[in-house]
Number of protein chains: 2
Amino acid sequence: MAENAAHTGATPEGRPARPDLAAMIVPLGRALTAAEQPVLDAHGLTMWAYTVLLHLEETPIRTQAALAGAIRADKTRIIAVLDDLEARGLIHRQPDPEDRRARLLSLTTEGRRLRDAVQSAIQQGEERLLARLPAADRAAFLRSLQELSALPEVAPRKPGHATDRKDPH
Amino acid sequence: MAENAAHTGATPEGRPARPDLAAMIVPLGRALTAAEQPVLDAHGLTMWAYTVLLHLEETPIRTQAALAGAIRADKTRIIAVLDDLEARGLIHRQPDPEDRRARLLSLTTEGRRLRDAVQSAIQQGEERLLARLPAADRAAFLRSLQELSALPEVAPRKPGHATDRKDPH
DNA sequence: TATTGTTATACTCTATAACTATA
DNA sequence: TATAGTTATAGAGTATAACAATA
């Protein structure tokens with residue numbers, strides 16, 4: 001009896017010991033997103049634009065399609081975003097001399113500066129939330145989150161992987 | 001120098017010690033939602049329908065608007081959901097004798113049975129993810145998640161609060 | 001006149017398909 | 001012929017506004 005309950009800690013009556021993970025995490029994500037919005041608004045960035053700035057920081061990207069894949073966006077969805085960021089001088093976007101179909105993408109100095117300012121403000125807000133947790137729990141929470149984010153079913157695809165090809169051969 | 005960095009553990013160069021919380025939590029929520037989908041499909045439930053079944057379990061609800069508020073949905077958005085659940089005999093939905101404008105909502109026995117079966121399957125799937133974490137981190141992670149979910153800016157409004165009224169008097 | 005639930009409409013976001021240029 | 005990027009179109013999901021019943 002109650003073999004499954006042994007996994008989830010459900011009571012003998014069958015009610016679970018905790019809410020569904022998704023039922024806690026999705027609203028938390030919404031709240032964090034809502035908290036970011038005023039910061040983004042203050043700097044004239046959409047969530048997509050900020051996401052682009054974040055992902056260009058690490059490594060310059062060789063095609064827009066690769067960027068779109070990395071941030072789990074449709075390639076057509078980021079075009080207007082890139083148009084705006086380029087017009088404001090926050091990113092470079094130049095045809096690859098070796099294959100002029102592709103567009104090399106990278107941050108400008110100004111783009112990096114804005115990105116750092118926004119991220120700093122956002123993380124300060126997040127720290128106020130995390131302050132509600134005991135120090136040990138908080139460290140374990142962040143560690144767990146980074147661990148789970150790295151799982152293949154959670155992490156966005158990195159460009160250049162074999163699985164990016166339509167034909168697996 | 002780097003006064004803000006002291007809060008977030010940023011390096012002296014200004015790069016943060018961790019990704020943004022939202023950048024980890026939102027994709028994790030998406031992955032959990034995607035993992036739920038096959039289970040819901042197998043039982044003919046949409047995410048909204050499952051959410052309704054979850055929230056009716058605890059306490060019967062006296063108006064559809066209150067239910068909508070509790071699950072952060074527009075009141076017009078859940079009508080088709082309730083139509084379907086009622087037609088399938090999963091919920092009761094009867095006019096309140098004391099105010100026949102309102103609809104009393106509660107689970108049927110069959111609705112409770114389905115809800116328990118689906119939730120059990122979903123949480124079993126989630127346990128496989130959590131199994132990647134050390135036991136201590138996992139406990140702290142769940143504890144932290146429940147703590148943060150209970151914060152007023154995260155938790156959905158409970159019906160009957162003073163803040164539900166448009167006029168604060 | 002105000003409120004509950006419902007229906008009809010409009011709007012936003014996103015994906016799909018068609019087109020241009022390069023290869 | 002195939003690919004990167006772009007534009008135009010259509011679809012899904014959601015919110016807004018108008019309506020009917022009840023108080």
Side-chain angles (χ1 to χ4, degrees), chain A residues 26-27 30 33-34 37 40-41 45-52 56 60-87 91-106 156-157 159-160 164-167 169, chain B residues 26-27 30 33-34 37 40-41 45-52 56 60-87 91-106 156 159-160 164-169:
Chain A
V26 171
R30 270 199 257 274
T33 300
Q37 201 58 58
L40 296 175
D41 289 346
L45 290 176
T46 64
M47 185 66 70
W48 282 116
Y50 177 56
T51 303
V52 166
L56 283 183
I61 291 187
R62 213 188 63 81
T63 73
Q64 294 181 186
L67 172 61
I71 64 178
R72 287 191 126 76
D74 192 277
K75 64 173 179 173
T76 65
R77 202 156 62 179
I78 62 173
I79 291 180
V81 175
L82 296 176
D83 288 347
D84 176 62
L85 291 175
E86 185 185 23
I91 64 170
H92 292 301
R93 188 202 207 178
Q94 47 192 209
D96 182 345
E98 298 183 10
D99 180 349
R100 293 178 38 225
R101 292 174 302 182
R103 304 274 177 274
L104 299 171
L105 302 171
S106 59
R157 268 194 297 189
D164 283 347
R165 333 216 93 251
K166 289 172 191 165
D167 186 324
H169 296 276
Chain B
V26 171
R30 270 199 256 274
T33 300
Q37 201 58 58
L40 295 175
D41 289 347
L45 290 176
T46 63
M47 186 65 71
W48 281 118
Y50 177 56
T51 304
V52 166
L56 283 183
I61 291 187
R62 213 188 63 81
T63 73
Q64 294 181 186
L67 172 61
I71 65 178
R72 287 192 126 77
D74 192 276
K75 64 173 179 173
T76 64
R77 201 156 62 178
I78 62 173
I79 291 180
V81 176
L82 296 176
D83 288 347
D84 176 63
L85 291 175
E86 185 185 22
I91 63 170
H92 292 300
R93 186 201 209 179
Q94 47 193 206
D96 181 346
E98 297 182 11
D99 180 349
R100 292 179 37 223
R101 292 174 302 184
R103 304 274 177 275
L104 299 171
L105 302 171
S106 60
D164 282 347
R165 333 215 94 252
K166 288 171 190 165
D167 186 324
H169 297 277

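Side-chain atoms are counted along with the backbone in the values below, which use heavy atoms only and exclude waters and symmetry mates. Here is the naming used below: chain letters follow the sequence lines, and residue numbers restart at 1 for every chain.
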Show the nearest heavy-atom pair for residues [X] and [Y], with the distance to one decimal.
| X | Y | answer |
| --- | --- | --- |
| A/T33 | B/V26 | OG1-CG2, 3.8 Å |
| A/L45 | A/A49 | CD2-CB, 3.9 Å |
| A/W48 | A/I71 | CZ3-O, 3.8 Å |
| B/A102 | B/R62 | CB-O, 3.7 Å |
| A/I78 | A/A73 | CG2-CB, 3.8 Å |

N/O (side chain, [X]) to phosphate O (OP1/OP2, [N]) under 4.0 Å:
| X | N | result |
| --- | --- | --- |
| B/W48 | D/dG13 | no |
| A/R93 | D/dT6 | yes |
| B/R101 | C/dT3 | no |
| A/R100 | C/dA21 | no |

To the nearest Å, how far apart are [X] [atom1] and [N] [atom2]?
| X | N | atom1 | atom2 | result |
| --- | --- | --- | --- | --- |
| A/L105 | D/dA4 | CG | P | 13 Å |
| B/R103 | D/dT22 | CZ | P | 8 Å |
| B/K75 | D/dC19 | NZ | P | 15 Å |
| A/L67 | D/dG5 | CG | C1' | 13 Å |
| A/I91 | D/dG5 | CD1 | P | 12 Å |
| B/D74 | C/dT9 | CG | C1' | 14 Å |
| A/Q94 | D/dA4 | CD | P | 18 Å |
| A/E98 | C/dA21 | CD | P | 23 Å |

Response to the item:
Assign each of A/T63 and B/D96 the nucleotide of DNA chain D bearing its closest heavy atom; nearer the 5' end lies the nucleotide of A/T63
Worksheet, complete the sentence: Result for 5'-nearest mapping on DNA chain C, choosing between B/A102 and A/P97, is B/A102
Item to complete: Could you work out which one of D/dA4, C/dA15, C/dT7 sits closest to the side chain of B/I79?
Response: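 For B/I79, the side-chain atoms sit closest to C/dT7.
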Discussion item. Over all strands shown, is B/D99 touching base, sugar-phosphate only, or nothing at heavy-atom distances under 4.0 angstrom?
Written reply: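 Counting heavy atoms under 4.0 Å across all strands, the contact made by B/D99 is with sugar-phosphate only.
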